[in-house]
Amino acid sequence: MKRGFIGLLVLLALLGYTTAVHAEATSVVKINSDVTIEENMKVRNVFVLRGQITINGTVEQNVVAVGGSIVLTRTAVVNGDVVALGGIIVMGKGADVHGTLTEINSSNISAPYPTSSVTTGKDGPGCSPFSRLLSFSLFLILALLIVALIPKPIQVIAETIKKNTFKVSLSGLLGLLLIVPIAVLLTISVIGIVLIPLEMILVVSAALLGFIAVSQLIGRRVLMLIKRTEGGVIRQTFWGLMTLWLIGWIPYVGWMIKVLAVVLGLGGVIMTRFGTKEN
């Protein structure tokens with residue numbers, strides 16, 4: 001169940017903390033700072049927000065830069081994916097990347113949405129397309145960070161959703177229906193009141209992990225349709241989230257599809273115990 005608290009760790013990082021997570025190797029996460037992995041170093045993942053990443057050594061899984069560029073020197077070895085959102089990837093001769101390279105300039109995405117554009121739709125007055133784009137961008141950063149740090153649980157949840165869609169749907173609906181009754185039971189219990197925040201943390205973490213897993217499945221399908229290749233897990237998640245975001249703009253239908261994604265994701269998390277048990 002410790003994996004269920006990864007959302008908290010990510011939120012702390014986005015608020016300005018710098019953290020290093022230890023597993024088989026070290027995962028480096030930096031905010032507003034450049035990172036250099038020296039030639040004799042080996043790390044698990046590297047994620048930087050608003051900073052440059054320079055790889056001289058070995059990264060066992062993924063390298064992700066948001067708002068910065070990535071430099072892979074001739075001695076760099078990356079066994080996973082390399083993703084630069086809002087920056088460029090510079091790859092030296094001799095650099096070895098086993099995964100995919102994804103380079104997306106964020107300024108090109110936000111250019112069509114002027115800050116002065118305001119809508120009075122269901123999101124309320126003053127909610128411009130640009131502000132919605134900004135919110136989505138922050139969620140996208142959070143999702144990619146989670147996938148970079150814990151790809152295995154996301155993949156386990158996604159495969160369970162794919163193989164047991166009906167059971168997952170039932171589990172997700174049951175989970176949603178039980179959230180309020182459980183909170184009520186905890187409220188009327190003296191000891192249980194203390195556990196209500198824990199329930200909320202678990203619910204939010206489960207919904208987040210599940211939604212990311214569903215996005216990965218959708219992204220994999222999209223890539224196979226347009227490029228005839230599955231791509232890496234980070235690329236799958238990116239295109240899946242982009243697809244769901246665009247679908248969300250469809251009147252009447254968009255929000256229902258997103259709710260369905262949440263239900264499926266929640267059911268997948270429940271059945272796999274936060275991605276720790278394969279089904």
Side-chain angles (χ1 to χ4, degrees), residues 1-11 136 139-140 142-187 192 195-225 230-248 250 252-279:
M1 295 295 291
K2 290 188 292 185
R3 295 180 185 272
F5 295 97
I6 189 66
L8 284 181
L9 298 178
V10 173
L11 288 175
F136 169 73
F139 178 77
L140 181 64
L142 176 63
L144 293 180
L145 176 56
I146 292 176
V147 173
L149 291 176
I150 52 167
K152 182 62 176 178
I154 300 298
Q155 291 174 313
V156 170
I157 297 169
E159 288 303 314
T160 299
I161 295 172
K162 181 179 179 181
K163 295 178 181 178
N164 304 285
T165 306
F166 181 71
K167 291 183 179 179
V168 164
S169 301
L170 293 180
S171 298
L173 286 173
L174 181 61
L176 285 177
L177 292 175
L178 289 178
I179 291 175
V180 174
I182 291 176
V184 172
L185 289 176
L186 292 176
T187 302
L195 299 178
I196 292 179
L198 177 60
E199 182 197 4
M200 294 300 101
I201 292 173
L202 291 176
V203 169
V204 172
S205 299
L208 179 60
L209 291 179
F211 193 81
I212 293 173
V214 173
S215 300
Q216 184 196 336
L217 285 174
I218 295 174
R220 183 191 307 173
R221 184 62 179 170
V222 170
L223 287 173
M224 291 183 68
L225 288 174
E230 289 191 356
V233 61
I234 293 181
R235 179 175 287 189
Q236 292 171 3
T237 304
F238 173 83
W239 287 111
L241 288 171
M242 287 292 293
T243 302
L244 284 173
W245 181 66
L246 292 174
I247 289 175
I250 301 176
Y252 307 109
V253 178
W255 70 269
M256 290 189 289
I257 294 177
K258 284 190 173 182
V259 169
L260 177 59
V262 171
V263 172
L264 287 173
L266 183 60
V269 171
I270 294 172
M271 288 188 63
T272 61
R273 299 176 186 176
F274 281 84
T276 60
K277 179 184 177 183
E278 297 185 12
N279 285 275

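- Between the CD1 atom of I212 and the CG atom of L244 there is a distance of 11.5 Å, given to the nearest 0.5 Å.
- In this view, K277 and R273 satisfy the side-chain contact (heavy atoms from CB on, under 4.5 Å) rule, not counting sequence neighbours.
- One distance of note links CE of M271 with CG of N164; it measures 5.0 Å at 0.5 Å rounding.
- To the nearest 0.5 Å, atoms OG1 (T160) and CD (Q155) are separated by 11.5 Å.
- Residue M224 places its CE atom among 12 or fewer non-hydrogen atoms of other residues, nucleotides or ligands, all under 6.0 Å distant.
- At least one side-chain heavy atom of R221 sits less than 4.5 Å from a side-chain heavy atom of L225.
- Side-chain contact between I247 and K258 is absent, with no heavy atoms from C-beta onward closer than 4.5 Å.
- For V259, the side-chain contact (heavy atoms from CB on, under 4.5 Å) partners two or more places apart in sequence, or in a different chain, are W255, V263.
- Residues that satisfy the side-chain contact (heavy atoms from CB on, under 4.5 Å) test with L266, not counting sequence neighbours, are L176, A206, I270.
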Pair L209-I150, side chain to side chain contact (heavy atoms under 4.5 Å, CB included): steps then yes or no | CA-CA 10 Å; L209 291 179; I150 52 167; 4.1 Å; yes
Go through the steps to decide whether T272 and E278 satisfy the test side chain to side chain contact (heavy atoms under 4.5 Å, CB included), and finish with yes or no.
-> CA-CA 6 Å; T272 61; E278 297 185 12; over 6 Å; no
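- Among residues two or more places apart in sequence or in another chain, the side chain to side chain donor-acceptor pair (under 3.5 Å) test is passed with E159 by R220.
- Residues L241 and A143 come closest through the heavy atom pair CD1-CB, 3.5 Å.
- Between I157 and F274 there is no side-chain heavy-atom pair separated by less than 4.5 Å.
- Sorted by first and then second residue, the side chain to side chain donor-acceptor pair (under 3.5 Å) pairs involving residues 206-216 (not counting sequence neighbours) are Q216-Q236.
- Using a 30° and 60° split on the angle between ring planes, W245 and F136 fall in the parallel class, below 30°.
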Could you go through the side chain to side chain contact (heavy atoms under 4.5 Å, CB included) check for L142 and L208 one step at a time?
-> CA-CA 10 Å; L142 176 63; L208 179 60; 4.0 Å; yes
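- Taken from CG in L140 to OG1 in T237, the straight-line distance is 9.5 Å, to the nearest 0.5 Å.
- Under the side-chain contact (heavy atoms from CB on, under 4.5 Å) criterion, S169 pairs with T165, L264, not counting sequence neighbours.
- Residues T243 and L246 have side chains not in contact (no heavy-atom distance under 4.5 Å, counting atoms from C-beta outward).
- For the pair P151 and V233, the tightest heavy-atom approach, listed with the atom from each and the gap, is CB-CG1, 4.4 Å.
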Residue pair F238, I234: steps toward the side chain to side chain contact (heavy atoms under 4.5 Å, CB included) verdict = CA-CA 6 Å; F238 173 83; I234 293 181; 5.5 Å; no
